[in-house]
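See structure below.
All values reported here derive from a predicted model rather than from experimental measurement.
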There are 2 protein chains.
Amino acid sequence: MHIITRNHKHLADRLVGRRKQFTKGCRIVLEALKNTQGTPSAQDIALQLKNSLSNQAPGLTTVYRSLELLARLGIVQVVTFRDGERRYELISPGEHFHHLICEQCGKTTRISACIIDGLAQSISTEYSFMVKSHVLELYGLCKQCNDSTNNAIPNLLVEVS
Amino acid sequence: MHIITRNHKHLADRLVGRRKQFTKGCRIVLEALKNTQGTPSAQDIALQLKNSLSNQAPGLTTVYRSLELLARLGIVQVVTFRDGERRYELISPGEHFHHLICEQCGKTTRISACIIDGLAQSISTEYSFMVKSHVLELYGLCKQCNDSTNNAIPNLLVEVS
DNA sequence: ACTAAAATTGAAAACGATTTCCGTTTCTAT
DNA sequence: ATAGAAACGGAAATCGTTTTCAATTTTAGT
């Protein structure tokens with residue numbers, strides 16, 4: 001955590017207005033994200049910290065604020081699920097990931113390559129739209145859930161893929 | 001509106017449990033969506049209906065329930081914005097669209113072709129993941145907003161694209 | 001170290017979109 | 001017409017997130 005903090009310290013120079021420093025809260029949240037696999041929500045993180053640090057744990061408010069700072073610094077990616085839930089995961093600045101999201105068990109799997117970046121360019125010119133970022137998430141069933149629901153009640157939803 | 005209703009009436013056969021019919025509320029919401037360009041939220045629709053139909057307008061609850069039904073029937077696509085806001089637009093069953101979303105003025109523009117469908121196949125095998133649907137939205141600035149903010153305060157956000 | 005100013009913290013309140021509850025109204029089928 | 005089922009809608013509840021604000025901690029200057 002110290003390493004990450006030091007590596008990205010200069011990024012804080014870009015910040016104006018709001019929270020400006022890697023504060024204690026930030027460091028704790030960053031550490032928590034490093035020690036978590038998966039893509040936890042702010043509340044997940046706050047709860048986990050409460051469990052491990054009890055009264056030393058930063059409050060929910062601070063967790064939210066820290067995540068917001070880390071996202072602004074580019075070392076945390078915010079993943080908004082289709083139901084509006086927001087989850088967070090560590091990245092390197094400039095990186096970003098897309099995910100396979102299992103609709104049954106909620107597990108998220110990163111897709112390594114981004115297939116959109118090239119597309120964004122052609123869109124930019126075709127639609128005169130300045131593309132700055134994008135969201136791509138694939139929903140479905142992971143192997144385990146797919147196997148175990150094969151002989152269950154058929155899904156009557158009309159898929160709007 | 002009658003036409004759409006009639007065209008898709010058979011779809012209602014697939015429904016179980018919850019709301020089962022194209023009720024009055026549904027028809028009114030569907031009509032409202034037809035008469036709206038853009039991608040309104042449930043509250044937008046409810047408000048618009050309240051303005052045009054006053055005490056004949058369906059309540060907010062009914063608007064939500066109707067949209068949920070129409071989405072299940074596949075004739076309404078739910079678009080979840082990055083901030084969690086949910087918006088709705090009319091489609092034909094089986095269709096779906098991606099969007100250019102202006103972060104300044106909120107305008108949404110449909111992208112016609114879907115570039116993901118092919119990708120979904122290769123992902124399916126590569127990750128043993130059964131892809132059922134996906135979300136792709138591009139964020140940035142539309143032409144007007146891009147032009148008008150050129151000499152404004154530079155954006156200090158670190159873009160996490 | 002000491003102090004004053006600035007920034008961070010966190011509990012509680014506010015918020016906003018959505019869902020649930022539940023009594024009332026409208027359909028539908030007999 | 002009547003009974004039972006479904007839909008309606010206002011109010012209350014929920015849930016994740018943001019704001020408020022007083023108290024605490026940190027930072028900078030001496």
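Side-chain atoms of A:H98 come within 3.5 Å of backbone atoms of A:L136 as a donor-acceptor pair (strictly under, hydrogens ignored).
With 3.5 Å as the limit, one finds a donor-acceptor pair spanning the side chains of B:E89 and B:H99.
Rounded to an integer number of Å, the gap from CZ of A:F81 to P of D:dG16 is 14 Å. For the pair B:R27 CZ and D:dA7 C1', the computed distance is 12 Å after rounding to whole Å. At whole-Å resolution of the value, CG in A:L47 and P in D:dT17 are 14 Å apart. With rounding to whole Å, A:F22 atom CZ is found 17 Å from D:dT26 atom P. To the nearest angstrom, P of D:dA7 lies 13 Å from CG of B:L70. The CG-P distance, from A:L67 to C:dT9, rounds to 12 Å in whole Å. Across the protein-nucleic acid pair, A:L69 atom CG and D:dT17 atom C1' stand 17 Å apart, rounded to whole Å. Note: CG (B:N55) to C1' (D:dG10) measures 15 Å, nearest angstrom.
Interatomic distance, A:L30 CG to A:L67 CG, rounded to the nearest 0.5 Å: 9.5 Å. For the atom pair A:Q48 CD and A:L53 CG, the distance stands at 8.5 Å (nearest 0.5 Å).
The hydrophobic cluster around B:M130 extends to A:L141, counting ILVMFWY residues whose side-chain heavy atoms fall within less than 4.5 Å of a member.
Residue pairs satisfying the salt bridge (charged side-chain N to carboxylate O under 4.0 Å, His left out) criterion with at least one member in residues 37-62 of chain A, sequence neighbours excluded, are listed as follows: A:D44-A:R87.
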Checklist entry - Quick one: what's the B/S/- string for nucleotides 17-27 of chain C, heavy-atom cutoff under 4.0 Å, read 5' to 3'? => result BBBBB------

